[in-house]
Amino acid sequence: MWTKPWNMKEGFLIGGGLIFAGLMLELSVGPVVWEAFAWPANGIVLTGFFVMLTAMVYLRKKVYAFQWMSTYQAAIPAMVYAVALTIIMGLTRQQVNGTWLNNMLSFWPFVLVYVYIAVILGVVTLKRIISLTSHHSPLTSNIAFLLNHLGLFIALTTATLGNADMQRVKMITTIGEPEWRALTQEGVVKEMPIAIELKRFIMDTYDDGSPKRFASEIQILTKTGKNIETTVDVNKPYEVDGWKIYQYGYDTQMGAQSQISILELVSDPWLPLVYTGIYMMLAGAVCMFVIGGRKRA
């Protein structure tokens, strides 16, 4: 073991070492504090990450570990660990203030394994890009590979680092009273850049009286001078100034006569980059289908 060339045994040992290191970090410093990576810290980290990946690719001929990271012997064990941890996350209840397996997005072993996958993706993608530019390989034969790998890399890194800038708050609006304040997930009152006034609460019911549909007619005032009247329905949010406004709840005791409406406001400035990565992967899948069809023809 650890004799060149490395194989999947070394890959599983490295992954296991990351999980062990993550457990030690979890015990010593606690869970990952994503708030510490809020802008501009996450931008600096992302820039440094790119610089590190570039250095690894250019030094791969001198450092065997960097060269090995672009092989399937490194990728497959990393994916096995990632899938196992993701399954555990799906089987356990996730809570914002949960610990260990109940808050996997802040669980050090989970984070380190996904960072390792991002490193492997970055090295493989940069290596292929450099190969294209240096050997003048045809782009058509590599476009599906680049779209899939680069798209996954963009989605993974921006979703992870962008998590620090995502805001999710709840606002209790009352008929005839503009509300500027909202409540964070930690229970902290936060002044918002937009005010919302409830004009009318709408509820349709089934024959047995259970709610069929509920929505809110609202007026939105922004600090930029916008004055908007719209209706927010369940699963049909309204977006203004980077905030998506969702219908969340109401006074269940009053039912259709509710004088309040609970709205959820979400801001995720990195989401367009995540979507870009997803669309690239979809485009890569289409390219693979088209190229495969041409080869069979």
Student: Any chance you could lay out the side chain to side chain contact (heavy atoms under 4.5 Å, CB included) test for H149 and R128, step after step, and finish with the verdict?
Tutor: CA-CA 10 Å; H149 286 74; R128 181 63 65 94; over 6 Å; no
Student: Is it possible for you to say whether V266 and I196 belong to one hydrophobic cluster, with membership spreading through side-chain heavy-atom contacts below 4.5 Å?
Tutor: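 Shared cluster, no.
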Student: Working to the nearest 0.5 angstrom, can you tell me the gap between I117 CD1 and L152 CG?
Tutor: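 The distance works out to 8.5 Å.
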Student: Hydrophobic cluster membership, with links at side-chain heavy-atom distances under 4.5 Å among I/L/V/M/F/W/Y: are L53 and I129 in one?
Tutor: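 L53 clusters together with I129.
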Student: Can you name the nearest heavy-atom pair linking R168 to M166, along with the distance?
Tutor: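 For R168 and M166, the tightest heavy-atom pair comes out as NH2-CE, 4.0 Å.
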Student: Is there a path of hydrophobic side-chain contacts, each under 4.5 Å between heavy atoms of I, L, V, M, F, W or Y residues, that connects I260 with V234?
Tutor: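 In one cluster with I260: V234, no.
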Student: How long is the span from the CD1 atom in I172 to the CG atom in L183, to the nearest 0.5 Å?
Tutor: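 Result: 7.5 Å between the selected atoms.
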Student: Testing the basics here: between E229 and Q219, what is the closest heavy-atom pair and its distance to 0.1 Å?
Tutor: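 The answer is CG-CG, 4.1 Å.
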Student: Going only through I, L, V, M, F, W and Y residues with side-chain contacts under 4.5 Å, is there a path from Y248 to M171?
Tutor: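 No, separate clusters.
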Student: Please test Q167 against W243 for side chain to side chain contact (heavy atoms under 4.5 Å, CB included), starting from the C-alpha separation and ending with a verdict.
Tutor: CA-CA 9 Å; Q167 300 181 65; W243 288 90; 3.8 Å; yes
Student: For the OG atom of S267 and the CD atom of E239, what is their distance to the nearest 0.5 Å?
Tutor: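 S267 atom OG to E239 atom CD measures 9.0 Å (nearest 0.5 Å).
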Student: For the backbone of I154 and the side chain of T158, can you confirm whether one donor and one acceptor N or O come within less than 3.5 Å of each other?
Tutor: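 Judged by distance alone, yes, a pair lies under 3.5 Å.
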Student: Rounded to the nearest 0.5 Å, what separates atom CG in L263 from atom CG in L198?
Tutor: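 So the gap between those two atoms works out to 7.5 Å.
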Student: Any link between I202 and F214 through a network of hydrophobic side chains (Ile, Leu, Val, Met, Phe, Trp, Tyr) touching at under 4.5 Å?
Tutor: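 Different clusters.
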Student: When you look at F66 and V123, which way does the side chain to side chain contact (heavy atoms under 4.5 Å, CB included) test go after all the steps?
Tutor: CA-CA 8 Å; F66 298 165; V123 169; over 6 Å; no
Student: Picking from Y114, W100, W34, what satisfies ring pair (Phe, Tyr, Trp, His ring centres under 6.0 Å) with F107?
Tutor: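 Single pass found, and it is W100.
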Student: So does S261 get a backbone contact from the side chain of T173, meaning a donor-acceptor N/O pair under 3.5 Å?
Tutor: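 Side chain of T173 to backbone of S261: a pair is present.
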